[in-house]
Amino acid sequence: MPTSNPKSAFTLIELLVVIAIIGILIALLLPAVQAAREAARRAQCTNNLKQIALAMANYEVSFKCFPPGRVGCDNNAKRCPALAQRVGTSALVMILPYLEMQPLYDSFDFRDGPWGYNATWVHVNAQAIEQTVSTYLCPSDNSEPFANPLTFEQSSSYNTQGHRAATGNYALVNGSTSVTAMDAAKWDANGVFYYLRAHRIRHIADGLSKTMFVGEAVETHAPTSSNIWSRAIRWMDCQRSTHNPLNTPPGEPEFNTTYGFNVNAAFGSRHPMGANFGFGDGHVTFISDNIDLATYRALSTRAGGETIGNLEEVSP
């Protein structure tokens, strides 16, 4: 007479063991997945900075100079023409045609500049200023896409007049000038990008491969770290300094209160252990948080004459 075998099944203890093993495997796998995702985001950020650096190079081919960090000189009749006195346009606007964004560039009205010093400065360019440029965004950053509407509210020359101003995660290198040296940062910075001055390759005596042009910025929507891509303001929007160490938190430790906020001009990123920087020759290097401060500052000057070794030594 045939006998029937009872069906085998997991016991409760066996089921719990399997669940525990699966949980351990997921816990072990998750950091690897996160690391892979961050590596992809960092690679995209690197590509963005390379495109910006190459756009600068193509601009130089066309005009025989790099664009000024800010197209305008802040109401100083002795230093620039009457029109340029009011214009606070960022160099990131000027290179749009070299990023295959000619239509966006053409949408700007430059007769009074996108950021002129009068009550109508933003209204005429509101549509252009609110455009987000993907090349200017780091995928690892969590900043809001538009600037805080209260930024510079106390001054009609600086606030957004009720319009949305798109932020970006990249700022041009003003140099190593102290954040308390406002006039030097405006007229005589030791980097490549500042007010009105358009430098030629021959002015960059330290060499394009040893001179940082553009780096990352975080919390770009916040007053202490505002980074509206279309506007250029010392220590904030698209102009920053290596005076404070890399990845110094916004508002710390040495800062300037000229605008009513504790701005420190620091570069920074959400990538672990450092930030990406684009150089004058078009290459991009990941700079470690642990870089020697003197070396970090030397990389930001155009003609400091400093001796700098292999750039790979400053990367993790």
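Side chain of Asn227 to backbone of Cys238: a donor-acceptor contact under 3.5 angstrom is found. Side chain of Ser225 to backbone of Val218: a donor-acceptor contact under 3.5 angstrom is found. In this structure, Asn174 contributes its side chain and Ala185 its backbone to a donor-acceptor pair below 3.5 Å. Judged by distance alone, the side chain of Trp235 and the main-chain N or O of Val179 form a donor-acceptor pair under 3.5 Å. A distance-only check finds a donor-acceptor pair linking the side chain of Ser269 to the backbone of Gly274 [under 3.5 Å]. Between the Trp187 side chain and the Tyr195 main chain, no donor and acceptor come within less than 3.5 Å of each other.
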side-chain hydrogen bond (donor to acceptor under 3.5 Å, both in side chains) assessment of Asn125 paired with Asp109: CA-CA 6 Å; Asn125 287 289; Asp109 184 338; 5.7 Å; no
message: Let's go through Phe108 and Val93 carefully: what are the C-alpha distance in whole Å and the side-chain angles of both, what is the deciding distance for side-chain contact (heavy atoms from CB on, under 4.5 Å) to 0.1 Å, and is it a yes or a no?
response: CA-CA 9 Å; Phe108 280 94; Val93 173; 4.0 Å; yes
- prompt: What's the verdict on side-chain contact (heavy atoms from CB on, under 4.5 Å) for Arg37 and Arg41, showing C-alpha distance, side-chain angles and the deciding distance?
  reply: CA-CA 6 Å; Arg37 288 177 175 174; Arg41 291 192 292 263; 3.7 Å; yes
query: Is there a side-chain contact (heavy atoms from CB on, under 4.5 Å) between Arg42 and Phe286 once you walk through the steps?
result: CA-CA 9 Å; Arg42 179 169 146 180; Phe286 188 79; 3.5 Å; yes
message: One pair to check against salt bridge (Lys or Arg N to Asp or Glu O under 4.0 Å): Glu219 and Arg270. What are the steps and the verdict?
response: CA-CA 10 Å; Glu219 296 186 29; Arg270 296 305 182 201; 3.5 Å; yes
- prompt: Can you list the steps and then say if Ser143 with Asn169 is a side-chain contact (heavy atoms from CB on, under 4.5 Å)?
  reply: CA-CA 8 Å; Ser143 298; Asn169 296 122; 4.0 Å; yes
message: Before you tell me yes or no, could you show the steps for Asn247 and Asp289 under side-chain hydrogen bond (donor to acceptor under 3.5 Å, both in side chains), namely the whole-Å CA-CA distance, both residues' side-chain angles and the distance that decides it to 0.1 Å?
response: CA-CA 7 Å; Asn247 273 322; Asp289 287 342; 2.6 Å; yes
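Rounding to the nearest 0.5 Å gives a distance of 10.5 Å between NE2 of His243 and CG of Asn256. Considering OG1 of Thr224 and CD of Glu252, their distance stands at 9.5 Å, rounded to 0.5 Å. Atom CG of Leu96 and atom CG of Leu104 lie 5.0 Å apart (nearest 0.5 Å). Distance check, rounded to the nearest 0.5 Å: OH of Tyr259 to CG of Asp237 gives 8.5 Å. One distance of note links OG1 of Thr135 with CG of Asn47; it measures 8.0 Å at 0.5 Å rounding. Annotation: the span from Asn264 atom CG to Arg240 atom CZ amounts to 7.5 Å, rounded to 0.5 Å.
Cluster membership check: Leu54 does not share its hydrophobic cluster with Leu49, using side-chain heavy-atom separations under 4.5 Å among Ile, Leu, Val, Met, Phe, Trp and Tyr. Tyr59 is connected to Val133 through a chain of hydrophobic side-chain contacts under 4.5 Å among Ile, Leu, Val, Met, Phe, Trp and Tyr, so both are in one cluster. Under the 4.5 Å side-chain contact rule for hydrophobic residues, Val284 and Ile52 share a cluster. Criterion: ILVMFWY side-chain heavy atoms under 4.5 Å apart, direct or through other members. Under it, Met236 and Phe255 are not part of a common hydrophobic cluster. Tyr170 and Tyr194 are not part of a single hydrophobic cluster, where members link through side-chain heavy atoms under 4.5 Å apart.
The side chain to side chain contact (heavy atoms under 4.5 Å, CB included) with Cys65 is formed by just one residue from the set Glu60, Arg197, Arg200; it is Arg200. Between Asn190 and the choices Ser300, Ser241, Ser176, the side chain to side chain donor-acceptor pair (under 3.5 Å) rule is met once, by Ser176.
For the pair Thr220/Ser226, no side-chain contact is recorded, criterion being any heavy-atom separation below 4.5 Å from C-beta on. Using a 4.5 Å heavy-atom threshold, the side chains of His271 and Cys138 count as touching. Between Thr46 and Lys50, every side-chain heavy-atom pair lies at or beyond the 4.5 Å cut-off. Contact annotation: the side chain of Phe193 never approaches that of Arg302 to less than 4.5 Å [non-hydrogen atoms, C-beta and beyond]. When side chains are defined from C-beta on, Arg70 does not count as touching Lys186, because their heavy atoms never get closer than 4.5 Å. Looking only at side-chain heavy atoms (C-beta outward), Thr285 and Asn276 stay at 4.5 Å or farther from each other. No side-chain heavy atom of Thr211 sits under 4.5 Å from any side-chain heavy atom of Thr301. Contact check for Tyr296 versus Phe267: side-chain heavy atoms found under the 4.5 Å cut-off.
For CD of Glu100, the number of neighbouring non-hydrogen atoms (other residues, nucleotides, ligands) closer than 6.0 Å is 12 at most.
Across all non-hydrogen atoms, the minimal contact from Pro114 to Val87 is CD-CG1, 4.5 Å. Listed here is the closest heavy atom pair of Ser134 and Asn48: O-ND2, 3.9 Å. Closest approach of Gln239 and Ala171 over heavy atoms only: N-CB, 4.1 Å. Of all heavy-atom pairs between Glu38 and Pro272, the closest is OE2-CD, 3.7 Å. Residues Leu137 and Thr167 share a closest heavy-atom pair of CD2-O, 3.6 Å. Listed here is the closest heavy atom pair of Asp206 and Ala298: OD2-O, 4.4 Å.
Using a cutoff of 4.0 Å between basic side-chain nitrogens and carboxylate oxygens, Arg164 and Glu144 are not scored as salt-bridged.
Note: Trp229 and Tyr136 have tilted aromatic rings, judged against thresholds of 30 and 60 degrees for the angle between ring planes. Between His203 and His199, the ring planes are perpendicular. Angles over 60° get that label, and only those under 30° would be called parallel.
Side-chain contact annotation: Glu254 with Asn244, donor-acceptor N/O pair under 3.5 Å absent. No side-chain N or O of His163 forms a donor-acceptor pair with one of Gln127 less than 3.5 Å apart.
With ring centers used as reference points, Phe66 lies under 6.0 Å from Phe213.
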